[in-house]
Amino acid sequence: MATPDLPHLTHDLPAPVHADLTGAGDAGHPPRILLLYGSLRPQSFSRKLALEAERILRHLGAETRVFDPATLPMLDSVPADHPKVQELRALSLWSEGQVWVSPERHGTITGVFKNQIDWLPLEEGGVRPTQGRTLAVLQVSGGSQSFNVVNALRVLGRWMRMVTIPNQSSVPKAWQEFDAEGRMKPSPFYDRVVDVMEELMKFTYLVRGRADYLVDRYSERKGAAEALALATASGAASPSPAKA
């Protein structure tokens with residue numbers, strides 16, 4: 001039922017049952033979800049939607065962080081050790097799932113949003129800051145409903161080797177879907193956002209603790225074995241002990 005922070009919930013929205021969804025490697029802590037949005041406008045509707053999604057996620061038991069892109073430099077304009085870049089990368093490593101929210105501009109995602117993804121490497125020091133994490137995609141539009149942005153975000157999520165959940169949310173005429181306090185009004189669009197966040201929580205429980213197994217690949221195992229064989233032949237590495 002409705003809570004003070006989520007007044008538009010008119011039916012029960014219980015947190016997913018942890019024990020029914022988790023794997024043996026699950027750490028047991030609340031799911032860690034990072035939210036990214038794609039506009040610097042003072043009245044950014046993508047930010048408002050991200051904050052609304054965050055409230056729902058917290059109700060469902062998640063630990064959340066929202067990254068502010070306002071002072072993130074353009075890609076390659078500064079070294080990767082810039083504090084804002086390091087903040088973003090650390091949050092991505094911390095996360096077990098992510099929510100991406102972008103406005104639609106000229107039929108696709110904004111440069112503000114894409115710049116955040118461009119700063120996330122596929123691999124850094126043998127660690128992949130997005131691979132195996134769950135992802136939910138949302139968009140806001142100033143006009144009629146469109147799915148250009150969520151489709152583009154799905155392409156990005158696949159490229160970043162993330163587990164993108166089936167559900168998604170597209171909010172048209174976003175300027176009329178939020179009140180003066182920046183809260184989303186009750187509507188089928190709000191209900192869809194709730195659906196997406198609930199599904200993200202369930203998929204995050206399902207994937208975490210199993211992510212290493214899910215993203216383990218034949219080609220990478222083969223490549224690692226061949227590299228070890230070459231290193232061993234050259235004397236740069238010792239052969240692995242035989243398994244019993």
Gap separating the CD1 atom of I109 from the CG atom of L153, nearest 0.5 angstrom: 6.0 Å

Testing E54, R65, Q98 one by one against L35 for a side-chain contact (heavy atoms from CB on, under 4.5 Å), which residue passes? E54

Should the pair Y205 and H18 be assigned to parallel (<30°), tilted (30 to 60°) or perpendicular (>60°) ring geometry? parallel

CZ of R58 to CE of M197, rounded to nearest 0.5 Å, is 14.0 Å

Going by heavy atoms in the side chains, are L138 and V101 under 4.5 Å from each other? yes

Answer yes or no: is there a side-chain heavy-atom contact under 4.5 Å between L36 and L34? yes

Are I33 and L200 close enough, and set up right, to give a side chain to side chain contact (heavy atoms under 4.5 Å, CB included), and what steps lead you there? CA-CA 9 Å; I33 308 296; L200 177 64; 4.1 Å; yes

I'd like to check S46 versus S102 (side-chain heavy atoms, cut-off strictly below 4.5 Å). Are they in contact? no

Would you say I165 and L57 are hydrophobically clustered, going by side-chain heavy atoms of ILVMFWY under 4.5 Å? yes

Are the side chains of R208 and F203 in contact, using a 4.5 Å heavy-atom criterion? no

Taking all atoms of both residues into account, what is the closest heavy-atom pair of E104 and S141, and its distance? OE1-OG, 3.8 Å

Heavy-atom pair with the smallest gap, counting every atom of S169 and V193: OG-CG2, 3.4 Å

E96 versus T204, side-chain donor and acceptor atoms under 3.5 Å: no

For the pair Y37 and V112, evaluate side chain to side chain contact (heavy atoms under 4.5 Å, CB included) and give the outcome as yes or no after the intermediate values. CA-CA 8 Å; Y37 60 92; V112 170; over 6 Å; no

Between the side chains of K185 and Q176, is a donor N or O closer than 3.5 angstrom to an acceptor N or O? no

Do F45 and W175 have ring centres separated by under 6.0 Å? no

Any side-chain donor near an acceptor of the partner, D5 and T3, under 3.5 Å: no

Check whether F67 and V78 end up in the same hydrophobic cluster, where Ile, Leu, Val, Met, Phe, Trp and Tyr are linked by side-chain heavy atoms less than 4.5 Å apart. yes

I would like to know whether Q116 and L88 meet side chain to side chain contact (heavy atoms under 4.5 Å, CB included); could you show each step before the answer? CA-CA 8 Å; Q116 295 171 78; L88 174 60; 4.2 Å; yes

Full working for side chain to side chain contact (heavy atoms under 4.5 Å, CB included) between H59 and R55: CA-CA 6 Å; H59 173 83; R55 295 182 187 98; over 6 Å; no

Donor-acceptor pair, distance only, cut-off 3.5 Å: does the side chain of R210 make one with the backbone of L206? yes

Are E63 and W94 packed together at the side-chain level, in the sense that at least one heavy-atom pair is separated by less than 4.5 angstrom? yes

For the CG atom of D191 and the CE atom of M184, what is their distance to the nearest 0.5 Å? 9.0 Å

For the residue pair P129 and S92, what are the closest heavy atoms and their distance? O-OG, 2.6 Å

Same hydrophobic cluster for I117 and L40, using side-chain heavy-atom links shorter than 4.5 Å among ILVMFWY? no

Sole candidate of R192, E199, R154 that passes side chain to side chain donor-acceptor pair (under 3.5 Å) when paired with Q168: R154

Short side-chain to backbone donor-acceptor contact, S234 and A231, under 3.5 Å: yes

L122 versus M160: any side-chain heavy-atom pair under 4.5 Å? yes

Do other residues, nucleotides or ligands put more than 12 heavy atoms under 6.0 Å from the NE2 atom of H29? yes

Is atom CZ of R183 surrounded by more than 12 heavy atoms (other residues, nucleotides or ligands) closer than 6.0 Å? yes

Taking the side chain as C-beta and beyond, is there a heavy-atom pair between Y190 and L6 under 4.5 Å? yes

Transitive ILVMFWY side-chain link L93 to V163, under 4.5 Å: no

For the residue pair P73 and W119, what are the closest heavy atoms and their distance? O-NE1, 2.8 Å

Closest non-hydrogen atom pair, S170 against F189: O-CD2, 3.9 Å

To the nearest 0.5 angstrom, please state how far the CD atom of Q139 sits from the CZ atom of F147. 7.5 Å

Short N-O contact, E123 and R89, less than 4.0 angstrom: no

Check whether D26 reaches the backbone of G28 with its side chain - one donor and one acceptor, N or O, closer than 3.5 Å. yes

If you measure from CG on L156 to CH2 on W100, what distance do you get to the nearest 0.5 Å? 5.5 Å

Out of curiosity, L120 CG to M162 CE, how far, rounded to the nearest 0.5 Å? 8.5 Å

Please report the shortest heavy-atom distance between A174 and V140, naming the atom on each side. CB-CB, 3.9 Å

When you look at NZ of K202, are more than 12 heavy atoms from neighbouring residues, nucleotides or ligands closer to it than 6.0 Å? no

With a 3.5 Å cut-off and no angle check, do the side chains of R105 and T110 form a donor-acceptor pair? no

Does some side-chain heavy atom of V85 sit less than 4.5 Å from a side-chain heavy atom of D81? no

Count I, L, V, M, F, W, Y as connected when their side-chain heavy atoms are under 4.5 Å apart, and connections chain through other members. Are V171 and V149 then in the same cluster? no

Is the count of non-hydrogen atoms from other residues, nucleotides or ligands lying under 6.0 Å from R133 atom CZ greater than 12? yes

Has E220 got more than 12 heavy atoms of other residues, nucleotides or ligands less than 6.0 Å from its CD? yes

